[in-house]
Chemist: 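The following block contains the structure, expressed as structure tokens.
A, B, ... follow the sequence lines: proteins, then strands. Residue 1 opens every chain.
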Number of protein chains: 2
Amino acid sequence: MNYELQQIQAFLKVAELESFQAAAQSLNLSQPALSRRIKKLESILGTPLLARTTRSVSLTTVGRDFFPQAKRLVDEFDHALFNIRALAENRIGQITLACIPTAAFYFLPAVIREYNARYPNIRIRLLDLSANDGLGAVLSGEAEFGINMLSGHHPDIVFTPLVVEPFVLVCRHDHPLATHGSVTWSELSEHKLIGVGKMSGNRMLLDHELSSLTQRPSWFYEVQHLSTSLGMVEAGLGVAAVPRLSMPDQEHPLLVQCPLIEPLVKRTLGMVRRRDSALSPAAERFVETLLKHWDKGGIEGGIGPINL
Amino acid sequence: MNYELQQIQAFLKVAELESFQAAAQSLNLSQPALSRRIKKLESILGTPLLARTTRSVSLTTVGRDFFPQAKRLVDEFDHALFNIRALAENRIGQITLACIPTAAFYFLPAVIREYNARYPNIRIRLLDLSANDGLGAVLSGEAEFGINMLSGHHPDIVFTPLVVEPFVLVCRHDHPLATHGSVTWSELSEHKLIGVGKMSGNRMLLDHELSSLTQRPSWFYEVQHLSTSLGMVEAGLGVAAVPRLSMPDQEHPLLVQCPLIEPLVKRTLGMVRRRDSALSPAAERFVETLLKHWDKGGIEGGIGPINL
DNA sequence: ACCATTAATGCACCAAAGACATCAATAGAC
DNA sequence: GTCTATTGATGTCTTTGGTGCATTAATGGT
């Protein structure tokens, strides 16, 4: 025989109003039903809580002791209910996402700005990690989801493509290649190429895509981050092949980009999340915001939305 | 739509065991019933709490946040339940009673001793007040009940007679009246009588009972407490008319008592309590103990139990 | 003494929750 | 790759418990 919240609430109401009839009315209940509810509670507790006359109701000694406890219980229930609803409705909470630097710089600021305006009480923990580390963060559960590039499919990871972007050549405006309409990968072998480290996701992608070429480009400089390589291009040390989105802006004072073809190498950016692990409502909202932004072409430089 | 304790408990069990089947078994419930219970809770809260696969169960982000709150809620319910049961079963608690000094000295010690042996955790607050003040304490609710003398019936007071005792004459063994078999009230006018103050219940009772006498005794000394008057008798200052129970003991080294007749004035001692106010279980037990003691003739000096 | 009001009770009814049987999905064994 | 066993969800019927209506008993006020 279990005692329940409704019984406690009934007791409180009767105790406050000192009347079964009034309390029943207040609880949208018939008076007999309320009588029985109280009766049941008393039988569960093993002691009367209310001293009833046919004319009036008052608390018994035990009832008087129980009253404050009961009130606190109901209050805590209400509080917990409110709390969880707020959590569910994104009025409070926190999301953690892991994304690659490109996304952190070019995708997310606008999305975060809008999301934060709409859900001002959701804190955002943004882990800007390399493609590998970001995937690890999602896998370990440290991040609820991530923005990453499509790579070898891990069995526990679901990838939702968002945008496909080509690799482009970046060079200084005064570089010989700057005036070419487009450049083939083979042509690059004649120039000093700035590449990223062997463990980079981009590097592995390129190595894989270009493996069939006879004239494979060889990297003259090797750095760890794309932003560094851009800096070196800026300094006139060479040229670089980078995803178009990692370019700071269309109108850069020194840098120009041109398509890299034969082959056209693209990378797919998208959302990664663990299979079988529901997102928090807050994260769900974030993804919604993200998709909305992307739908209205907020991401310049990509080759547009893809369908899948 | 109300959410209830059972649902919270169900959620906790599933979260702990990470299995609907195991939790259902533990709750003595069928697995489908448990599924529905959780489902309902989730629909009330408006958010999923558990991420179910056909093979495993885990907490959602919201569920993880809710879990500790839920646990605390259930714990507090359990605690409150335990508490109130303990109160009802007299394992803890306190009773307050107001009694006249006679009762405090001669009725209660034995009763309290037995009661305390049986219910060692009930604290007893004993207000030893005058008849008037004691009645006031009961009326105000400060005392749950009292032991008092029968007086003008207050409408809110119920009086349960316990014992009737006569007034007796107390004198020193060397006093002229000491050898009389009995003494009439009229005879007292020739002796120095020690009485109590005008507001004493005993005094009012006597004044009332003796109002028809032509030879009314007049008090030579007036004190406030019967015990004081006994002391004065002991000192040889006079004699006193006191209720028999207020006599310290049958075999007092100095004092002797003898019946006071014409008329035989009796006072009725009994329990007083407020009408329409239930006693706490602890107090109920106390009254039981009290009645048991009195039934087996534990009160010497009275003229025995009376029936009403 | 009567009336009005209050809580309790008898009874018929209905809704919510439960059990049973079954289905769909999936991890693990081979 | 296929099959099996196990897990949670769902459909359906049953049952229990709670509810409302009508009525009763008790009591304070007139």
Chemist: Out of D:dT19, C:dA7, C:dA19, which nucleotide sits closest to the side chain of B:Ser30?
Modeler: C:dA19
Chemist: Tell me whether the side-chain N/O atoms of B:Lys39 come closer than 4.0 Å to OP1 or OP2 in D:dG8.
Modeler: no
Chemist: Reading DNA chain C from 5' onward, which residue's closest nucleotide shows up sooner: B:Leu29 or A:Ser35?
Modeler: A:Ser35
Chemist: Round to the nearest Å and state the distance from B:Leu34 atom CG to D:dG8 atom P.
Modeler: 9 Å
Chemist: Are the side chain of A:Glu144 and the backbone N or O of A:Ser280 linked by a donor-acceptor pair below 3.5 Å?
Modeler: yes
Chemist: So for B:Arg55 and D:dT6, does any side-chain atom that can act as donor or acceptor lie under 3.5 Å from a complementary atom in the base?
Modeler: yes
Chemist: Can you list, in residue-number order, the parts of residues 6-26 of chain A that come under 4.0 Å of DNA chain C, counting heavy atoms only?
Modeler: A:Ser19, A:Phe20, A:Gln21
Chemist: Cation-pi check, B:Arg118 to B:Phe286: give yes when NZ or CZ is under 6.0 Å from the six-membered ring centre and within 45° of the ring axis, no otherwise.
Modeler: no
Chemist: On DNA chain D, compare the nucleotides closest to B:Arg36 and A:Arg37; which residue's is nearer the 5' end?
Modeler: B:Arg36
Chemist: Starting from C1' on D:dG18, measure out to CG on A:Leu41 and report it in whole angstrom.
Modeler: 15 Å
Chemist: Please determine if a side-chain N or O atom of B:Arg52 lies less than 4.0 Å away from the OP1 or OP2 oxygen of C:dA25.
Modeler: no
Chemist: Starting at atom CD of A:Gln31, determine the distance to atom P of D:dT24, rounded to an integer number of angstrom.
Modeler: 15 Å
Chemist: Is the side chain of B:Glu4 donor-acceptor paired with the backbone N or O of A:Glu4 at a distance under 3.5 Å, no angle test?
Modeler: no
Chemist: What's the CG-C1' distance between A:Leu27 and D:dG20, to the nearest Å?
Modeler: 15 Å
Chemist: Between A:Thr54 and D:dT27, is there a side-chain N or O to OP1/OP2 distance below 4.0 Å?
Modeler: no
Chemist: Check whether A:Phe145 forms a cation-pi arrangement with A:Arg274 (NZ or CZ under 6.0 Å from the six-membered ring centre, at most 45° off the ring normal).
Modeler: no
Chemist: Is the shortest heavy-atom distance from the side chain of B:Ile92 to the side chain of B:Asn83 under 4.5 Å?
Modeler: yes
Chemist: Considering residues, nucleotides and ligands other than A:Arg123, do more than 12 of their heavy atoms fall under 6.0 Å from its CZ?
Modeler: no
Chemist: Under a 4.0 Å N-O cut-off, is there an ion pair linking A:Arg285 with A:Glu288?
Modeler: yes
Chemist: Distance check needed: C:dA17 P versus A:Glu4 CD, whole Å only.
Modeler: 10 Å
Chemist: Would you indicate, yes or no, if C:dA16 has its OP1 or OP2 atom less than 4.0 angstrom from a side-chain nitrogen or oxygen of B:Lys40?
Modeler: no
Chemist: Whole-Å distance between D:dG8 P and B:Ile38 CD1?
Modeler: 11 Å
